[in-house]
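Here's the structure we're looking at; comments come further down.
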Amino acid sequence: MAKLPRWLRRLQSRSVWSTAFQRPLLIALFGLCMVVTVGCRQWFSSAPTPSPTPTPSTSPPAITSTLTLGTTAKIRTLDPADAYKVFTGNLLYNLGDRLYTYKEGELVPQLATAMPEVSEDGLEYQIDLRQDVVFHDGTPFDAKAMAFSLQRFIDNGGQPSFLLSDTVEKVDEIASHKLKIRLKKPFVAFPALLAFSGLTPVSPQAYTDQVETFRRSTFVGTGPYRLTSDTLDNLKLTPFDQYWGDPPENKSVTVKRYNNAASLYNAFRSGLVDIAYQSLNPDQIGVLVSTAEQTGDWQTITGPGSNITYLSLNLRDPPLNKIEVRQAIALVIDRQSLQNRISRDQVEPLYSLIPSIYPESKSVFRTAADINPAAQAKERLRAGGYSKSKSIKLTLGYRSNVPSDAPAAQAIKSSIERQLDGLVTVDLESMDSAQAYISQNQGRYNLFMLDYTGDFYDPDTYIQPFLACSKGSEEEGCQTGATVVQGSFYYRERMNQLIDQERQSQDPQERQKIFAEIQDIVAEDVPYIPLWQRREYAFAQDNVKGIRLEPTQHLPFWPLKKS
């Protein structure tokens with residue numbers, strides 16, 4: 001089987017989050033969430049919507065709701081060992097369970113019975129498992145099945161396999177319901193990684209003969225829903241009657257796939273789908289939000305997202321091998337202009353690689369109010385030896401098939417050329433996403449614009465994949481490592497040390513200090529320039545109850561029902 005290179009897997013936009021989020025701050029952050037019709041209480045509530053209290057004289061009402069969710073998201077595969085897209089992760093979130101999950105922003109056990117026991121050296125994790133769980137095909141769930149699933153995830157070499165293969169040395173069942181995982185290096189956020197949707201166990205009976213292959217259109221896991229049909233246009237999920245947890249509030253959920261945003265938009269407006277989720281274009285989102293505010297005919301569910309857009313700077317070649325030039329470019333990026341060009345408040349300016357949903361985020365690229373950015377930038381260019389008689393010419397690459405990229409690239413070009421007054425000119429060059437990912441690590445462009453969504457819910461997922469370098473020098477740049485993948489070729493020994501420290505530190509306060517220093521160094525060295533972070537949106541008809549987006553950006557199906 002041909003495998004995509006690891007760097008391409010990382011760059012493909014997708015979702016999954018994790019972290020030891022500090023609950024009070026999370027509550028404060030999400031208390032600010034703009035939920036037009038659905039209240040923030042629903043955002044945070046991870047418990048199913050309470051059923052009506054039965055009375056002695058009547059039977060509980062039958063569950064009759066069937067719901068249709070419309071999307072334009074492409075579903076390449078449902079095999080958790082190869083699925084690495086945002087929407088597919090959401091399907092696996094509803095079809096399967098993980099060792100850990102999130103409840104009200106906190107990491108909690110799911111198929112595990114408690115948080116793991118960790119050895120003193122931080123390398124060995126022992127996890128006790130639930131004993132009342134069966135797979136959708138009736139196979140009992142145990143440590144052997146969990147170990148099989150994790151090892152299959154690593155060995156089959158699917159798109160997200162590096163998440164474990166880079167981290168895990170060995171997986172063993174040490175009792176019928178006790179698992180031992182040994183890591184290659186200490187990684188304090190490892191339990192958060194275990195909440196990744198692709199790490200849901202699959203039945204060893206159903207998948208045993210499928211080693212080194214993938215099951216793209218079927219799924220046999222332990223979650224609250226079974227996949228009962230998968231046709232060209234629709235997937236149908238029905239409740240699993242042997243599920244160990246609370247049963248779903250609905251009879252079934254049909255996922256209807258549309259070819260384009262216009263078809264999904266019209267289907268939702270006409271009531272053919274109950275929920276529209278991923279992906280409408282910014283104009284359609286704007287109309288749906290404003291109409292919902294005016295008429296109340298449907299619900300808007302939104303909150304801060306974890307998808308970021310950024311510029312990668314090629315530090316290997318002139319002129320961006322000079323720090324003065326990189327700092328000058330960073331100073332004149334007009335994020336307010338970018339926000340206006342991209343959407344109707346559907347993105348937020350971003351001043352760090354770590355999005356603002358994390359308390360560790362530090363706005364290191366925000367310019368102080370008393371600083372004239374253009375004057376500062378010109379001064380740094382002069383310090384680097386540049387003038388109007390010795391000006392700079394840059395190339396900026398962007399993806400032609402991402403609607404927001406072209407206006408953003410034009411805004412960046414205009415901002416740089418206007419504020420630097422002839423000292424710098426920018427040529428734009430577009431290509432489709434596939435070619436963009438191939439070109440990025442070849443150093444073909446001075447600047448490259450891309451977006452990224454973290455793999456799990458911890459700030460490390462926005463640091464290590466951007467800044468780590470396993471082989472290189474400060475004089476020659478990175479030769480092997482994540483920064484080559486990202487096209488910056490950045491190398492700094494202190495940065496590698498800090499990444500190792502934050503991955504090993506068990507002290508949240510010490511870890512926060514490390515992340516702060518990392519972000520300060522990024523603002524000083526400027527291997528990347530963060531641009532904006534997106535908001536997430538879902539729309540539901542007014543009679544749909546129980547809809548919410550989790551802080552992890554997942555949309556749970558089990559609380560959904562219609563009045």
Side-chain angles (χ1 to χ4, degrees), residues 13-15 33-38 65-76 85-91 94 231-237 253-305 307 309 339-348 399-408 432-433 451 453 532-549 553-557 560 562:
S13 187
R14 41 161 315 286
S15 86
C33 68
M34 192 280 286
V35 180
V36 174
T37 308
V38 174
S65 293
T66 60
L67 295 104
T68 300
L69 182 149
T71 185
T72 61
K74 306 301 180 188
I75 303 171
R76 183 181 59 85
K85 291 287 187 181
V86 174
F87 191 80
T88 311
N90 199 74
L91 290 174
N94 284 281
T231 65
L232 183 63
D233 296 325
N234 298 311
L235 294 98
K236 187 172 183 180
L237 286 68
V253 175
T254 297
V255 177
K256 187 171 180 58
R257 290 174 277 190
Y258 289 88
N259 290 329
N260 55 64
S263 298
L264 173 59
Y265 176 80
N266 291 330
F268 179 75
R269 292 290 304 256
S270 61
L272 291 177
V273 299
D274 301 301
I275 300 167
Y277 181 55
Q278 294 184 356
S279 296
L280 297 163
N281 69 42
D283 288 341
Q284 292 163 343
I285 291 173
V287 171
L288 291 178
V289 169
S290 61
T291 305
E293 291 174 340
Q294 294 166 11
T295 68
D297 287 344
W298 51 75
Q299 307 169 61
T300 301
I301 303 93
T302 185
N307 176 272
T309 299
Q339 185 182 30
N340 296 338
R341 290 283 189 104
I342 301 308
S343 67
R344 308 174 184 181
D345 293 326
Q346 294 167 23
V347 302
E348 299 172 3
R399 295 161 298 177
S400 56
N401 58 318
V402 177
S404 59
D405 275 18
D432 63 27
S433 292
D451 71 305
T453 302
W532 69 81
Q533 65 184 81
R534 291 192 180 278
R535 299 182 66 83
E536 285 291 327
Y537 287 89
F539 297 92
Q541 305 293 346
D542 191 46
N543 64 339
V544 175
K545 307 300 180 187
I547 185 167
R548 64 176 188 266
L549 286 171
Q553 313 296 295
H554 286 123
L555 192 156
F557 293 170
L560 299 174
K562 290 194 287 190

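Values in this document were obtained by computation on a predicted structure and should not be read as measured data.
- For the atom pair Arg399 CZ and Asp451 CG, the distance stands at 4.5 Å (nearest 0.5 Å).
- Put simply, CG on Leu560 and OG1 on Thr66 are 11.5 Å apart, with the number rounded to the nearest 0.5 Å.
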Candidate pair Ser404 and Arg534, rule side chain to side chain contact (heavy atoms under 4.5 Å, CB included), full reasoning
CA-CA 11 Å; Ser404 59; Arg534 291 192 180 278; 2.8 Å; yes
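- For the residue pair Ser433/Asn401, the side-chain donor-acceptor check at 3.5 Å is satisfied.
- More than 12 heavy atoms of other residues, nucleotides or ligands shown are found within 6.0 angstrom of NZ on Lys562.
- Each of Thr72, Leu69, Leu235 was scored for a side-chain contact (heavy atoms from CB on, under 4.5 Å) with Arg257, with one residue passing: Leu235.
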Report the C-alpha separation of Tyr265 and Asn281 in whole Å, then their side-chain angles, then the decisive distance to 0.1 Å, and conclude whether the side chain to side chain contact (heavy atoms under 4.5 Å, CB included) test is met.
CA-CA 9 Å; Tyr265 176 80; Asn281 69 42; over 6 Å; no
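- Taking every heavy atom of both residues into account, Ser279 and Ala261 meet most closely at O-CB, 3.7 Å.
- Annotation for Gln299 and Asp542: closest pair NE2-O, 3.7 Å, computed over non-hydrogen atoms.
- For Asn266, there are no side chain to side chain contact (heavy atoms under 4.5 Å, CB included) partners at least two apart in sequence or on another chain.
- Once rounded to the nearest 0.5 Å, the distance linking CZ of Phe557 with CD1 of Ile275 reads 7.5 Å.
- The distance from the CG atom of Leu555 to the CD1 atom of Ile301 is 7.5 Å, given to the nearest 0.5 Å.
- Smallest separation of non-hydrogen atoms from Gly70 and Tyr258: CA-CE1, 4.1 Å.
- Taken to the nearest 0.5 Å, the CG atom of Asp233 stands 12.0 Å off from the OG1 atom of Thr254.
- In terms of modelled atom types and a separation under 3.5 Å, the side chain of Gln346 and the main chain of Arg535 share no donor-acceptor contact.
- Not one N or O on the side chain of Thr295 forms a donor-acceptor pair closer than 3.5 Å with the backbone of Ala292.
- Residues Asn307 and Thr453 bring a donor and an acceptor atom of their side chains to less than 3.5 Å of each other.
- For residues 266-296, every residue pair satisfying the ring-ring contact (aromatic ring centres under 6.0 Å, His included) rule, not counting sequence neighbours, is listed here: Phe268-Trp298.
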Determine, stepwise, if the pair Arg76 / Thr88 fulfils side chain to side chain contact (heavy atoms under 4.5 Å, CB included).
CA-CA 8 Å; Arg76 183 181 59 85; Thr88 311; over 6 Å; no
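- Remark: Arg269 engages no residue in a salt bridge (charged side-chain N to carboxylate O under 4.0 Å, His left out) (not counting sequence neighbours).
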Residues Tyr537, Leu280; criterion side chain to side chain contact (heavy atoms under 4.5 Å, CB included); working and verdict
CA-CA 9 Å; Tyr537 287 89; Leu280 297 163; over 6 Å; no
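- One finds the CG atom of Asn90 at 5.5 Å from the NE2 atom of His554 (value rounded to the nearest 0.5 Å).
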